[in-house]
Structure formats: C-alpha cells, structure tokens
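Let me begin by presenting the structure, written as structure tokens, before commenting on it.
In this text the structure is predicted, and so the values were computed from the model without any measurement. We count ligands from 1, going down the list as the structure has it; atoms in each ligand are counted the same way.
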Amino acid sequence: MKRIYLDYAATTPTHPEVVKAMLPYFTESFGNPSSIHACGREAQTAIEQARTKVADLINARHDEIVFTGGGSEADNFALEGVAFANESKGNHIITSAIEHHAVIETCRFLEKRGFNITYLPVDGYGRVDPDDVQGAITNQTILVSVMHANNEIGTIEPIREISRITKEAGVLFHTDAVQTAGHLPINVTELGVDLLSMSAHKLYGPKGVGALYIRKGIRLIPLIHGGEQERGRRASTENVTGIVGFGRAAGIAREEMAGEAQRLTALRDKLIHGLQEQIGSLHLNGHPVNRLPNNVNVSFAFIEGESICLTLDQENICSSTGSACSSASQEPSHVLLAIGLSPELARGSLRLTLGKWTTEEEISHVLKGLPRIITKLRAISPLSTREE
Ligand SMILES: *Cc1c(COP(=O)(O)O)cnc(C)c1O
C-alpha cells in the first residue's frame with residue numbers, strides 16, 4: 001500500500017502548480033526586489049502580484065498584507081507589535097487557553113515584560129464564550145487574540161461575535177487564521193478583525209512564508225529591524241520564491257476552496273461515523289458540526305495516542321497525536337486538557353487531518369485497519385482491565 005498522508009494540519013504538500021510558479025524566481029528572475037534595475041523590478045512586480053492574490057483571499061486591501069517568515073512570525077508580530085506600540089495605553093491582553101504555541105509562548109514572553117495576560121477558558125467543544133471576552137475587558141486592555149479555528153480539534157471560534165465586543169470596547173482584535181485561510185471563506189471586514197495571521201505551507205504553498213493582515217491605520221512596532229522592506233514593517237530581503245508560491249497557492253485556494261470543503265466534510269464525517277460504529281469507548285474531540293472540514297480528532301480510552309500513531313506509521317499511515325509541535329513532549333496537549341479531558345483520555349488522542357490528495361479509498365483503508373489496531377493495543381494495555 002502506498003503511503004497515506006493524514007496530517008495536513010501539520011503541513012501540506014506544495015501544489016505542483018505552486019512549484020512551477022516559483023521556479024523562474026530561483027534562476028531567471030533572481031533579482032533583489034530593492035534593486036532599481038530590470039532584474040530587481042521583475043522580482044518587485046512578482047511580489048506585488050502575490051500580495052494582491054493573498055489580499056484577495058481574505059478580502060483585504062493590497063497594502064494591508066505584510067509578508068513574514070511563516071505563521072509563527074505573523075503571530076509574534078501581531079502580539080508583540082501591538083503590545084509594544086500601545087504600552088502607554090495599557091498592558092492587558094486577552095487570549096484563549098487553546099491557542100497555538102506561537103501565540104501562547106508569545107504571551108508568556110510578554111508576561112515577563114510586564115504585560116498581564118488573561119487566558120480565557122473554553123467549553124467542552126473548545127469554544128470561547130464571547131461573554132467571557134466581554135467580562136475580561138478592562139480599561140487596560142489593548143488586544144484580544146482568539147484563533148479562527150483550532151489546529152488540534154478543529155473547532156471554529158465565534159470570531160464575528162467577539163469582534164462586535166472588541167469594536168464596541170475600542171480594543172484591537174487579532175485572529176490566528178493559519179488553519180482556515182485558503183480552506184474556509186474569509187472576509188476580514190465581515191469578520192471584524194484588525195489583524196489576521198496566515199501561513200503558506202498550510203494551504204499547499206511553501207514552508208517559511210506567511211503573512212499578517214494589518215488593518216489600515218494600525219501601528220505596530222516591527223519585530224525585525226533593518227531595511228525598508230514591506231513598507232518598513234519587516235526588514236530583510238524578501239523571500240521572493242516563497243512569496244510567489246504563496247500568491248499562487250492563494251489563487252488556487254480561492255478557486256477550489258468551496259468544492260474542497262464540501263468533499264472533505266463528507267470524507268471527514270464518513271471517517272468519524274465509521275470509527276464510532278466500530279470502536280467502543282471512543283470520544284470525539286472538538287465540535288461535532290462547527291469544525292474544520294478536514295479535521296478528525298478522537299480519543300481512545302485505555303491506550304496511548306503515541307502507540308496508535310507509531311503503529312499506523314508502521315502501516316504507512318501518517319497521523320498525529322495532539323499537534324506536531326507537542327508530539328515530541330510527554331505532556332498531554334494543553335488544548336485537550338482545556339476542553340476538560342482527563343490526562344488519560346488526552347494522552348489517548350489521535351488526529352487525522354485530510355486534504356487535497358485524500359481519497360475515499362484511503363479513508364476506507366483506515367476504517368478497515370484502525371479498529372484492528374485499537375483492539376490489539378487494548379488487549380495488551382494494562383489500563384484496559386479497568387474497563388470491566
Ligand atoms: C501551523 C500553525 C502555526 C504556525 O505556522 P508556521 O508557518 O508553521 O510557523 C500557527 N498557528 C496555527 C493555528 C497553526 O496551525
């Protein structure tokens with residue numbers, strides 16, 4: 001059996017059309033966009049065309065997009081940029097307990113620099129209650145950061161409802177949309193967000209490039225100092241090939257997103273229901289309906305997610321337990337603990353994320369193989385004797 005890749009939330013393969021679009025910018029059009037000669041101008045033009053495509057993906061203006069070195073940098077830039085630009089106004093930031101490490105760790109860093117951070121709890125599905133945001137705002141609050149959809153459990157957050165509250169309070173609102181950009185329709189005006197993070201490699205673009213949408217008129221302190229690139233907001237010679245690839249990926253996503261979301265939702269539900277029918281003591285993590293079209297996250301009582309993941313790997317199936325970032329650590333995922341799972345169930349979690357090259361046959365193959373693996377692992381598990 002060919003390898004089955006079900007870890008699209010960790011990263012996606014680069015679309016062949018994206019690779020094709022990037023290639024000329026390694027060789028013929030290799031110029032530095034800051035150079036005034038033809039070679040530089042060509043690269044500059046390519047960047048601006050890509051910027052328009054990325055802006056169009058989220059209904060932003062061309063000059064509201066700043067390219068970064070990935071989704072993590074976009075998150076760091078949003079939080080630190082706002083925090084240090086608004087120190088005189090206040091020192092309070094509100095976020096959620098289930099954010100990506102790029103947001104959580106930036107908040108921890110800011111805490112050491114004198115900022116107060118409120119980590120809002122979530123309900124059993126992983127949803128932030130907008131009323132909690134309202135209740136946490138003080139006259140010191142300068143920023144709210146709540147992700148658009150969670151990378152581990154796929155739950156989609158009530159961003160529009162939260163933005164009504166932040167707007168009313170005159171507080172800036174950032175959302176990490178790394179898991180939704182290119183997968184779900186995004187209109188920054190309708191969503192009501194001021195800042196929004198994206199990453200190319202989560203939408204069939206290359207790794208090491210992302211973008212931060214910054215609503216016109218908002219001032220941020222730059223993270224990277226040096227030249228005047230990105231209108232003085234992010235120094236360093238632009239990653240031209242990466243940016244061109246991001247632009248092409250954004251263009252393709254815009255065309256294919258609606259059809260893909262529908263196709264993946266059907267496959268996702270087939271997988272979830274198939275597992276629920278065949279495996280006892282199985283728990284679906286995240287919201288049953290309000291979740292990413294490609295996300296399946298389940299916990300199996302009595303066994304370790306890592307054992308399932310490794311056994312699947314031996315059968316040439318790529319999966320994840322928790323998120324890619326936390327799989328190296330022994331701690332159960334902060335997201336699964338925040339939705340109220342016991343540490344045992346949190347450790348028994350398996351994430352399967354689908355994408356453009358996932359087929360119905362692959363899902364059927366997993367539905368045949370996984371119940372057998374679970375039965376085998378439970379039979380040798382010392383925890384399973386507790387069942388009866
Ligand atoms: C992957 C991911 C990031 C980090 O993006 P990189 O481009 O890998 O730095 C941030 N937030 C979420 C929700 C993600 O899934």
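- Using a cut-off of 4.0 Å between Lys/Arg side-chain N and Asp/Glu carboxylate O, Glu230 and Arg233 are scored as not salt-bridged.
- Arg164 and Glu161 are not joined by a salt bridge, as no carboxylate oxygen comes within less than 4.0 angstrom of a charged side-chain nitrogen.
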In a simple table, one pair per line, please give the protein and ligand 1 atom names for every N or O pair closer than 3.5 Å, along with the distance.
residue	atom	partner	partner atom	Å
ligand 1	7 (O)	Gly71	N	2.8
ligand 1	7 (O)	Ser199	OG	2.6
ligand 1	7 (O)	His201	NE2	3.3
ligand 1	8 (O)	His201	NE2	2.9
ligand 1	9 (O)	Gly71	N	3.4
ligand 1	9 (O)	Ser72	N	2.9
ligand 1	9 (O)	Ser72	OG	2.7
ligand 1	11 (N)	Asp176	OD1	3.4
ligand 1	11 (N)	Asp176	OD2	2.6
ligand 1	15 (O)	Gln179	NE2	2.7
ligand 1	15 (O)	Lys202	NZ	2.8

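- For the pair Lys356 and Tyr204, the cation-pi test (distance below 6.0 Å, angle within 45°) is passed.
- Aromatic ring orientation, Phe115 versus Phe84: perpendicular (interplanar angle above 60°, classes split at 30° and 60°).
- Under the salt bridge (Lys or Arg N to Asp or Glu O under 4.0 Å) criterion, the residue pairs touching residues 83-108 are Arg108-Glu111, with sequence neighbours excluded.
- For the residue pair Asp75/Ser197, the side-chain donor-acceptor check at 3.5 Å is satisfied.
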